[in-house]
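Written out below as structure tokens is the structure these notes cover.
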Amino acid sequence: MTDQDEAKYVNISLPSATHRSEREGFLRLCKALITTPLDPTAPIDRARWFTQAKLGNLYGQPTLAAAAHTLIDLIEQGWTLSIYKHGPLLAPPPAHPDPELEKVRVRRQEHLRRDPQLRQPSVRRFVEGMEKPRAFQGKLVSVFSLMRDGRELADALERTLDSSTVIQPYIQIVDGGKCALTGFALHDIWRYFRHTWSNAYFTVPGRSMPVLIRDAATPHHAVIGLAAVSSPVVQIAERDHWIGWDTDAFLETVREEPTAEVGAWLLHRIDAQLDELYVDDLLREAVIQPTDLQHPSPDVIALLRADAERHRQKHHRTPLRDVRQMEQDPWIERTLSPLFRSKRSAALADTLEAAIALRPFLAPTPTVDGLRNALNDTKAKAQIRRLIRRARGERVGTVIADLTVCGAVAPYSALAAGKLVGALAVSPKVIAAYRAKYSRPSEIASSMAGRAIERESRLSFISTTSLYGSGSSQYNRLRWPASVMGGPTNKQIAFTELGRSRSFGTSQFTDDTVEALVRLSRVKDSVVRVNSVFGEGVSPRLRKVRLGLSALGWPSSELLKHGRERIVYGVKLVENLRDYSLGLDDDPNYLVDPTAVDEAAVAAWWFERWGKRRAEQDTVRASMRVHRLVRPLRHGARVPLPDGASLTEQDDATLDVAEGF
């Protein structure tokens, strides 16, 4: 029996200081949910249950509101509720041995956030606006003009399997421009089709570059699929270990083969970190003296840590409107803000502490013996670990990225076009576009330095995760010769399975629940305020939920386990992956030709390897023909509004546009 299989119970009693009426109301809700059979296929109508339990005005009962919303979210995910004499308990759902049942559970979890989003009036207006015909260059167009009729595609493939005439994929980077064939904003096109995914559409903090894959073989260049290359999750153990820049793995390698080059890199890291920290105000206020930068002492490090804490508290007392305005300020004003003053003082303390521990072993000229002696010294080794983590933290969001969106839409999905989208999403054209877009000053580094600091933007690695723990047909066995992308003939590029990620996150909680948890943490006067501004830290939603659960007195470490494993995949783009990614090597040694821009070779490889064998099957062509752009309109690339999409007068008008296929 694994840890996941063992029975675990989580105490969800309300804090003892909670008003009696709230505790009694929560107990009534628990009893009602236990005694009434629930339909596992239907969402819980929480308003009905709140009324049945006579909870009253939840706004005036923040503890009860947070507990009630959280409880219903967890029950919808299959958690089991029971009541013992000491209070209510929750048990996590067991993993389904049947992969199909597990997929149903995961989709249900994702729909917790997607369906309420699609019900929002603004989202519905957007979808309806995209589907409504409009005049462009003397013709009526709509988003349906960007879908391919499955009957037409199946018929074309039945006539010929010459991919160069039937399907002509190309990459379109989504920027501020418009589609030349329909007049739609490219981002609106991308957003519409993104709403067809099982999970909710949301913007990714940090870097993000959406990509459309379109078909030049159709009149309006129909959308084949979409992707997005974005800032990665900061810590994924499976990915970091595979790259080799995980702290323990890197240290073990250095211990086995210490080199003077690694010693020089460590000294360079100290000097570079000092150079990228604005210190004029610290010198002016006598927090440090000029000599402290070259000859630091434990006392000055203690002063810097006290200064960091003082300004961290000041930041959390700053009015939110002033915090938000900071994102519009010049670099020098940002760096003087309490947030970045706190970060600078803490970073300077860390860097000077590293200098004290390592310079005696490595300065002025690093040697193998010096590095070996540093690794054998407890304090020096601890600082080496810190420098490695800092180097990884600086470059994790610049030289590696996540493929946060990747997939094909109907009817192309029947041809395994998701594999085509995956290959094109890591192709030279996308790599070059990413570098061009992000060859600009780093927000965080520039705010720490008080001047423009540009980080490396040449990608070395792209990772992604499967939606389901049972596997991904899209990434499974997805590999191709590097020569297809202008690389060497004896190398391959592949989506390699790196392992399974921990089942941890916030996807199981609705926005209503997060809002209730945030409000409770504020009422409880939480010490740490989460403003969701760039620079405070990663995963603001996760931090908000954690604070709210802590205010409830519930174990966040257990309740943030969403009970879902995901398979982590990675695409290695360079030969010197570890050393370039950490900054030991200045330049990447690419497996592809980063100047290549031709998608035709990738498309031809995909069709010969995957698409052709599916196009030859009668059952596949029959499944494609289901996606119709004539009355009654039934198409898998249409946004599935939760309340159903019946054929309306608007559909009738739109069909006249679509029937030109």
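Residue indices begin at 1 and follow the sequence shown.
Atom CG in Leu371 sits 9.0 Å away from atom CG in Leu358 (nearest 0.5 Å). Note that the CD1 atom of Ile493 and the OG atom of Ser427 stand 9.5 Å from one another [nearest 0.5 Å]. Rounding to the nearest 0.5 Å gives a distance of 9.0 Å between CD of Glu261 and CG of Leu584. With rounding to the nearest 0.5 Å, the separation of OG in Ser342 from CG in Leu304 is 11.0 Å.
The shortest heavy-atom contact between Leu293 and Leu352 is O-CD2, 3.9 Å. The two residues Pro258 and Arg372 come nearest to each other via the heavy atoms CG-NH2, 3.6 Å.
Relative ring orientation between Phe495 and Tyr475 is described as parallel, the plane-to-plane angle staying below 30° on a 0-90° scale split at 30° and 60°.
When each of Ser463, Ser230, Ser231 is checked for a side chain to side chain donor-acceptor pair (under 3.5 Å) with Asp402, only Ser463 meets the rule.
With respect to Glu276 and Arg455, a salt bridge is recorded, a charged nitrogen being found less than 4.0 Å from a carboxylate O. Salt-bridge annotation for Asp350 and Arg386: present, with a side-chain N of the basic residue lying under 4.0 Å from a carboxylate O of the acidic one. Salt bridge status for Arg390 with Glu394: present, with a side-chain N to carboxylate O gap under 4.0 Å. Salt bridge status for Arg344 with Asp281: present, with a side-chain N to carboxylate O gap under 4.0 Å. The residues Arg458 and Asp587 are annotated as salt-bridged, a charged nitrogen and a carboxylate oxygen being separated by less than 4.0 angstrom. No salt bridge links Lys379 with Glu353; every basic N to acidic carboxylate O contact stays at or beyond 4.0 Å. Taking the charged nitrogens against the carboxylate oxygens, Asp307 and Arg310 do have a contact shorter than 4.0 Å, which makes a salt bridge. One finds no salt bridge joining Asp246 and Arg239 here, because no Lys/Arg side-chain nitrogen approaches an Asp/Glu carboxylate oxygen to under 4.0 Å.
Residues Gln289 and Asp292 are in side-chain contact: their nearest non-hydrogen atoms beyond the backbone lie under 4.5 Å apart. Looking at heavy atoms from C-beta onward, His268 lies out of side-chain contact with Gln273 at the 4.5 angstrom threshold. With contacts defined as side-chain heavy-atom distances shorter than 4.5 Å, the pair Ile171/Val211 qualifies. Between Ser460 and Ser581 the shortest side-chain heavy-atom distance falls below 4.5 Å. Between Leu348 and Ile288, some side-chain heavy-atom pair lies under the 4.5 Å cut-off. Using a 4.5 Å heavy-atom threshold, the side chains of Glu238 and Trp242 count as separate. For the pair Gln492/Trp480, no side-chain contact is recorded, criterion being any heavy-atom separation below 4.5 Å from C-beta on. Counting only heavy atoms from C-beta outward, the side chains of Val262 and Thr259 approach each other to under 4.5 Å.
For Ser447 (side chain) and Glu443 (main-chain N/O), a donor-acceptor pair under 3.5 Å exists by modelled atom type. The closest donor-acceptor contact from the side chain of Lys429 to the backbone of Gln172 lies at 3.5 Å or more, if one exists at all. Side chain of Arg341 to main chain of Thr335: no donor-acceptor pair is present (N/O by atom type, distance under 3.5 Å, no hydrogens or angles). With Lys419 contributing its side chain and Asn476 its backbone, the two residues share a donor-acceptor pair below 3.5 Å. At least one donor-acceptor pair closer than 3.5 Å links the side chain of Arg359 to the backbone N or O of Gln294. Not a single donor-acceptor pair under 3.5 Å links the side chain of Arg435 to the backbone N or O of Leu459. Side-chain N or O atoms of Thr367 include one that pairs as donor or acceptor with a backbone N or O of Gly370 at under 3.5 Å. Put simply, the side chain of Thr253 gets close to the backbone of Ala249: a donor and an acceptor are under 3.5 Å apart. Side chain of Thr351 to main chain of Ala347: a donor-acceptor pair is present (N/O by atom type, distance under 3.5 Å, no hydrogens or angles).
Defined by atom type and a distance below 3.5 Å, a donor-acceptor pair is missing between the side-chain atoms of Arg451 and Ser446. When only modelled atom types and interatomic distance are considered, Asn576 and Asp585 share a side-chain donor-acceptor pair under 3.5 Å.
Around atom CD of Glu257, no more than 12 heavy atoms belonging to other residues, nucleotides or ligands sit under 6.0 Å away. Applying the 6.0 Å contact sphere to NZ of Lys381 captures no more than 12 heavy atoms from other residues, nucleotides or ligands.
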Could you go through Leu573 and Val592, starting from their C-alpha distance and side-chain angles, then the distance that decides it, and tell me whether this counts as side-chain contact (heavy atoms from CB on, under 4.5 Å)?
CA-CA 7 Å; Leu573 301 173; Val592 300; 5.5 Å; no

Worksheet item: For Ile243 and Phe461, what are the C-alpha separation, side-chain angles and deciding distance, and is it a side-chain contact (heavy atoms from CB on, under 4.5 Å)?
Response: CA-CA 9 Å; Ile243 289 175; Phe461 183 84; 3.9 Å; yes

One pair to check against side-chain contact (heavy atoms from CB on, under 4.5 Å): Leu339 and Arg312. What are the steps and the verdict? CA-CA 6 Å; Leu339 172 61; Arg312 186 186 71 84; over 6 Å; no

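A cation-pi contact, defined as under 6.0 Å to the ring centre and within 45° of the axis, links Arg395 to Tyr580.
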